[in-house]
2 protein chains.
Amino acid sequence: MAKATDLTAHTHDAVLRLSPDRPEGAAARPARPPRIEDVARQAGVSPITVSRALRTPDMVSPKTRDRILQVVEATGYWSNPHASALRSGRSSIVAAFVSNLLSQQYSQAVLACARVVEQHGYQLMVGQTSYSYSRELSAIQSLRSLRPAAVFFTGVIELEENRDLLRELDIPIVESWAYPPDPLDMLVGFSNTDAGRLAASHLVARGYRRLAFMGRSGGRGALRLAGFAERAAELGAEIVETIRVEQVDSVIDGRRAYRTLLEGGRSFDAIFCANDLLGLGTLLEARQQGRRIPDDLALLTFGDNDLAGELSPRLSTISFDSNAMGTRAGEMIVDRLDPRSDGTLASSLCLDLELIPGETT
Amino acid sequence: MAKATDLTAHTHDAVLRLSPDRPEGAAARPARPPRIEDVARQAGVSPITVSRALRTPDMVSPKTRDRILQVVEATGYWSNPHASALRSGRSSIVAAFVSNLLSQQYSQAVLACARVVEQHGYQLMVGQTSYSYSRELSAIQSLRSLRPAAVFFTGVIELEENRDLLRELDIPIVESWAYPPDPLDMLVGFSNTDAGRLAASHLVARGYRRLAFMGRSGGRGALRLAGFAERAAELGAEIVETIRVEQVDSVIDGRRAYRTLLEGGRSFDAIFCANDLLGLGTLLEARQQGRRIPDDLALLTFGDNDLAGELSPRLSTISFDSNAMGTRAGEMIVDRLDPRSDGTLASSLCLDLELIPGETT
DNA sequence: TTGTAAGCGTTATCAA
DNA sequence: TTGATAACGCTTACAA
């Protein structure tokens with residue numbers, strides 16, 4: 001295969017190499033990875049005994065077990081996960097599906113989950129659903145034959161047909177990022193409706209009455225808007241404008257949303273941005289346009305960006321801990337998969353929301 | 001299994017459910033996913049013909065092919081990846097190994113890579129090497145039997161023995177995050193040495209002469225320090241203190257590193273932090289301790305945090321595009337795996353570094 | 001506690 | 001262009 005390069009302008013890094021002291025007589029590694037049969041032969045037992053020694057050590061006599069484990073160590077044997085999954089109908093893969101792979105919050109949760117399950121011998125596989133039911137469907141269909149040990153979604157499965165498909169998998173499922181009364185299985189969520197209410201309460205308490213909302217139109221965006229509108233109405237404030245933004249990948253999208261908001265021509269004194277990047281983009285764009293914040297315009301965001309508090313002005317924000325969310329999801333999964341678990345770990349959890357007042361409201 | 005919950009304090013979100021219009025006569029889904037044999041029987045061909053129709057359509061007559069694809073569609077057939085991998089010795093999994101799953105830069109690169117490979121029918125699996133050779137070894141060993149289609153590392157494999165193991169896998173490998181002259185296979189990197197040089201040049205040009213360095217002691221940290229020290233010496237500046245921080249998970253670690261730096265008792269007028277979070281933590285801690293920045297202390301960081309420019313003061317930073325890095329890695333991988341590729345895509349790439357002057361130097 | 005036999009669902013190989 | 005046969009490496013079910 002041709003190798004083209006475009007290196008000219010850059011200096012190479014020094015070569016970082018370490019050569020271990022290889023024992024003199026160390027045999028060259030065989031071209032093929034060792035199979036369970038190789039281990040069995042060397043240990044003088046049958047393959048199934050090796051399998052037991054590795055998966056259910058208690059079912060093998062200590063003497064045999066030690067001998068087997070020694071051979072395993074010496075050969076560098078590693079069970080073939082495909083063969084294992086094919087025969088047993090269960091793999092050591094934990095599948096995670098993210099609404100948007102570029103969102104920092106989702107990735108944080110997924111990677112926190114990966115950390116936990118990895119420590120228990122599972123491997124995490126990432127996929128993207130793109131807030132789309134059809135992508136969600138094909139993701140779920142691929143799970144039917146992948147036979148993962150468990151699934152984690154950064155969201156709630158809404159489509160009844162997809163819920164049915166997932167139930168049929170008969171594996172632990174963690175939904176997250178919302179707090180519905182009827183999760184498929186396990187849940188690490190927070191109340192999006194409460195987040196909206198909290199936002200309205202805060203803005204009204206600060207004296208704002210003409211409110212605008214920015215967020216996705218479906219799912220959690222709708223929930224946040226519902227709570228926001230409900231509480232605003234209760235408190236006598238008005239939602240004068242609602243901007244729907246379906247895909248948010250960078251602050252640019254927030255800047256654009258703010259300009260769209262202005263085009264509506266309505267006057268408002270505060271915006272609730274149901275998403276970090278929207279909030280950040282709005283802040284930058286509004287300041288650039290000469291708005292004084294919060295005097296001309298107040299800004300409240302929702303998200304988990306720990307840098308919101310480091311900006312100048314510090315963004316007022318409603319926040320939750322996406323890292324903890326992923327960790328808890330991972331813990332629920334490994335607990336459920338652990339046959340020795342006593343099953344007392346909560347299978348549903350609602351994380352707290354925190355309103356962190358900054359300098360923008 | 002017992003279900004404990006601790007829900008009391010929170011409001012449930014409304015149920016978000018959608019039920020599709022299911023066609024009248026739609027049969028209930030069978031409990032077991034369809035196998036290739038089911039499709040074959042319904043299409044009146046043998047299993048291997050179905051397999052060919054799906055993988056190498058050109059080898060099947062158009063008429064047969066269409067009939068098969070119709071049945072595939074109707075049954076929702078999805079090839080079992082484990083059986084396929086077991087038999088063929090190659091799976092559709094792309095493995096990605098990250099030095100630290102909590103690092104935003106690494107996750108960004110990995111998820112960008114996931115995005116690309118996913119569009120070509122591969123699934124990305126994430127693992128963590130924790131900057132440790134032994135973790136790296138076990139990661140690589142697991143690959144021997146996982147038989148992924150390709151591997152992506154957010155780093156360079158340093159240990160000669162691990163390099164040998166990887167070569168034996170005989171699959172596309174992408175290393176990244178550095179620019180050594182002898183990559184294992186493909187490379188999307190940048191020069192860490194140049195980054196260090198750039199840092200020293202900038203600081204000296206701004207009039208700083210007593211410099212401090214913060215970063216990891218091994219690998220890329222060492223390269224950045226080498227370039228930094230080399231250029232500083234050339235320009236007549238002195239490196240008065242070097243702080244080694246092996247694990248950086250949050251700004252807290254940066255705060256701590258700064259305090260450690262002070263304990264040394266040496267006086268310095270500028271710090272180069274080889275990592276975003278170290279820089280941010282140092283900034284926060286130094287300001288809290290009453291240091292005026294950059295008058296009392298200048299600060300230059302290395303990383304890819306687009307928020308560095310939004311802080312107040314804006315952090316001076318040497319930056320690269322980790323998102324592009326992951327995307328390019330993904331593109332290299334799918335190109336190499338595509339039998340129709342003409343092999344003209346560069347297999348080695350050096351990304352540009354950009355010095356973005358902020359208000360801290 | 002250990003072993004035998006069979007099969008998970010696919011694809012390589014060879015034959016027609 | 002299509003098919004028969006066997007095998008990938010493991011674990012279930014059953015037997016000793």
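Chain letters run A, B, ... following the sequence lines, proteins first, then strands; residues in each count from 1.
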Name the closest nucleotide to the B:Ser61 side chain, picking from C:dT10, D:dT1, D:dG3. D:dT1
Return the orientation label for the A:His82 and B:His82 ring planes: parallel under 30°, perpendicular over 60°, tilted otherwise. tilted
Please determine whether a side-chain nitrogen or oxygen atom of B:Tyr77 lies at a distance below 4.0 Å from atom OP1 or OP2 of C:dG9. no
Between D:dC10, D:dT12, D:dG9, which nucleotide has the shortest distance from any of its atoms to the side chain of A:Ile48? D:dT12
At less than 4.0 Å, is any side-chain N or O atom of A:Arg90 found next to OP1 or OP2 of D:dC10? Yes or no. no
Taking CD from B:Glu37 and P from C:dT11, how many angstroms apart are they, rounded to a whole number? 14 Å
Within less than 4.0 Å of OP1 or OP2 of C:dG3, is there a side-chain N or O belonging to A:Thr49? yes
Hey, are the side chains of A:Arg115 and B:Asn100 touching, using non-hydrogen atoms and a 4.5 Å cut-off? yes
Could you say whether A:Ser84 or B:Thr64 is positioned toward the 5' end of DNA chain D, judged by the nucleotide with the nearest heavy atom to each? B:Thr64
Separation of D:dT2 C1' from B:Lys63 NZ (nearest whole Å): 14 Å
For C:dT10 and B:Ser88 - does any side-chain N or O of the residue sit under 4.0 Å from the phosphate oxygens OP1/OP2? no
Heavy-atom closest pair (B:Glu175 atom, B:Asp185 atom, distance to 0.1 Å) is OE1-N, 4.4 Å
Let me confirm one number: the OH-CZ distance from B:Tyr77 to A:Arg144, rounded to the nearest 0.5 Å. 12.5 Å
Can you see whether B:Glu158 engages B:Tyr133 through a side-chain donor-acceptor pair at a distance of less than 3.5 angstrom? yes
Go through D:dG9, C:dG3, C:dT11 for me and flag the one nearest to the A:Arg87 side chain. D:dG9
Picking from A:Phe97, A:Tyr106, A:Phe153, what satisfies ring pair (Phe, Tyr, Trp, His ring centres under 6.0 Å) with A:Trp177? A:Tyr106
Roughly, in whole Å, what's the span from NE2 in B:His82 to C1' in D:dA7? 19 Å
Integer-rounded Å distance: C:dT1 P and A:Asp66 CG: 14 Å
For B:Ile68 and D:dT1, give me the distance from atom CD1 to atom C1', rounded to whole Å. 11 Å
By nearest atom, which of the nucleotides C:dT10, D:dC10, C:dT11 is closest to the B:Ser51 side chain? C:dT11
Atom-to-atom span, CD1 of A:Ile36 to P of D:dC8 - whole angstrom: 15 Å
Would you mind reading off the distance between A:Leu86 atom CG and D:dG9 atom P, rounded to a whole angstrom? 12 Å
So does B:Ser46 get a side-chain nitrogen or oxygen closer than 4.0 Å to the phosphate oxygens (OP1/OP2) of D:dG3? yes
Regarding A:Ser145, tell me which of base, sugar-phosphate or nothing describes its non-hydrogen contacts under 4.0 Å with the strands shown. nothing
Testing D:dG9, C:dG9, D:dT2 for proximity to the side chain of A:Arg35, the answer is D:dG9
Of the listed nucleotides (C:dG3, D:dT11, C:dG9), which one gets closest to any side-chain atom of A:Arg52? C:dG3
In whole Å, I'd like the distance from the CZ atom of B:Arg41 to the P atom of D:dA4. 14 Å
